[in-house]
Amino acid sequence: MSYSDTKTGSERTMKTHTRATAKKRLEDLPAPRALPLLGNLHQLDPKQLHAQLETWCQELGSTYTVKLGPKRILVTSDVEMALTALKDRPGRFRRLSSIEPVSKEMGLNGVFSVEGEAWRPQRDLVMRAMAPQQLEGFFPTLQLISERLRQRWQRSADAGTDTDVLQDLTRFTVDTTATLVFGKDVNTLESGEDAIQRHLGVIFPVFGYRINAVLPYWRYFKLPRDHQLDRSLKAVRSFVEEMIGHAREHMRRAPGEKPRNLLEAMLALRDEPNSGFSDDDVYANVVTLLLAGEDTTAHSLAWAMYILAAKPELQSQLHRSARNALGEARVPVKFADTTKLGLFEGVAFEAIRMRTVAPIIFLEANETTELAGLEIPKGTAVFLLTRPASLDDNNYRDAKAFTPERWTGPRDSTREGHNTKAFLHFGAGPRFCPGRYLASLEMKMVLATLSRNFSIEYAEDPDITKEVFAFAMMPNRLRLRLSAIG
Ligand code: HEM
């Protein structure tokens, strides 16, 4: 089924499910041993939530329940179940209901968190702005930012110093997303000024923590991290308001001109009579895109580099491939060049498959319903685990092997030994990630630039690098040594 016909698809599934008789209840599913009152809370470290849920998935099977205090949560890595729930939004399923209030109190209730009918117009706007054809016009900027990253890495290679890869990649994605959204070149890669990046970096993990918090203590008293969050939110707001001021000024001076960036497009829409959009919606969506576009792509790239550092032969193959595609150029110079970078896209997808930044998609049932013969009471949280299916040999031949070539064949679900439906790392259905083309383009650009110009090795014991869950799954640290190659 294509994503365009999800609406009728969801209506169809709803009818079928209403007719079917539910066979099982949540209580009938396997579950790890729970304590009275606490449930499984004592076994769940928020920073390792994904790892613990994946371990239980191996022990208990693909579908089981856990108890967070008194609440019973459905956890599944079953692809068909996940797809049914993901596609049936905003119908039978929604994002976790704690997400919207937490986003609202941060002033960030944009397309990611908003639910019901209010979500559609925001989604349409973001989809238009992020369409693949828009990205072609954005390419020169992406090229400029890639060149800056290359120069930064060149300085580090010349000096023989270790490179804090996470920091560099986050600067790259902040610069990229800010230019796309505001048309403003914040240039954190060269300026040494990383205020906006630091503030965004504070918001994302606290958001992740709060949506699964059993007690919303911050509504009654604040810990140091909550005060830090307030300072960061204030700093981001004043930065975005300054951008809104510039955009408004330009729109006043050039009335009727086509919007030059996403912010101008949102403001134009907000100004239409009965648009239903408020200034707060504009602000929330701008920050949503900055947040959604920053850590996800930067951390996926960091994982790709972590994996490549252990594979000198693959690095040599990628260097040859980059030379073939780019010739003497140091970064991709034309949008058309990016079509020659299939192998780099393969590296990106393999890294995402094995070290997904989105190991859990948090949903909730809007109504008492049935999923694959299982009765799910209204309000049940459903945690979809995306990685187990990705590492299953039934979905990918020799699934534990890092094989970029598995992505370079013809694009259809019949690709040999490869079940494309099992790749849930950008979600699925009507709320599928609208940033996937941008993310894929950014990753190709960075990986081709890296491979064309540098080889990489670990600057410290690779085992120091650990997976940490903070809404996105990131490496706790990553220091590499880069060496220039001709
Ligand atoms: C490797 C990079 C990325 C990954 C793995 C990723 C993953 C995801 C996932 C799993 C979702 C939830 C989808 C669902 O519920 O079905 C999502 C939603 C979203 N992503 Fe991404 N994302 C990435 C990059 C980006 C970028 C670059 C942007 C924009 C600049 C972006 C913007 C969004 C937005 C706005 C949503 C919410 C869509 C909605 O609820 O309608 N993402 N992403």
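Numbering of ligands and ligand atoms starts at 1, following listing order. This one's a predicted model, so the numbers in the text were calculated from it and none came from an experiment.
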Assert yes or no for the condition that the ring centre distance of Phe112 to Trp119 is strictly below 6.0 Å. no

Residues in side chain to side chain contact (heavy atoms under 4.5 Å, CB included) contact with Ser390, at least two apart in sequence or another chain: Arg353, Tyr396, His425

For ligand 1, output the ligand-protein N/O contacts shorter than 3.5 angstrom; if there are none, return none.
residue  : atom   : partner : partner atom : Å
ligand 1 : 15 (O) : Arg89   : NH1          : 2.8
ligand 1 : 15 (O) : Arg89   : NH2          : 3.3
ligand 1 : 15 (O) : Arg95   : NH1          : 2.8
ligand 1 : 15 (O) : Arg95   : NH2          : 3.1
ligand 1 : 16 (O) : Arg89   : NH2          : 2.7
ligand 1 : 16 (O) : Ala428  : N            : 3.2
ligand 1 : 16 (O) : Ala428  : O            : 3.4
ligand 1 : 16 (O) : Arg431  : O            : 3.3
ligand 1 : 40 (O) : Arg95   : NH2          : 2.7
ligand 1 : 40 (O) : Val111  : O            : 3.3
ligand 1 : 40 (O) : Arg431  : NE           : 2.8
ligand 1 : 40 (O) : Arg431  : NH2          : 3.1
ligand 1 : 41 (O) : Trp119  : NE1          : 2.9
ligand 1 : 41 (O) : Arg123  : NH1          : 2.8

Would you mind listing every side-chain hydrogen bond (donor to acceptor under 3.5 Å, both in side chains) that reaches into residues 96-106, with sequence neighbours excluded? Ser97-Glu364, Glu100-Asn109, Ser103-Ser113, Glu105-Trp218, Glu105-Arg219

Decide whether Asp185 and Thr179 meet the rule of one side-chain donor and one side-chain acceptor closer than 3.5 Å. no

What residues, two or more places apart in sequence or in another chain, satisfy side chain to side chain contact (heavy atoms under 4.5 Å, CB included) together with Leu269? Leu125, Glu272, Phe277

Using the benzene-type ring in the case of Trp, are the ring centres of Phe426 and Tyr437 under 6.0 Å apart? no

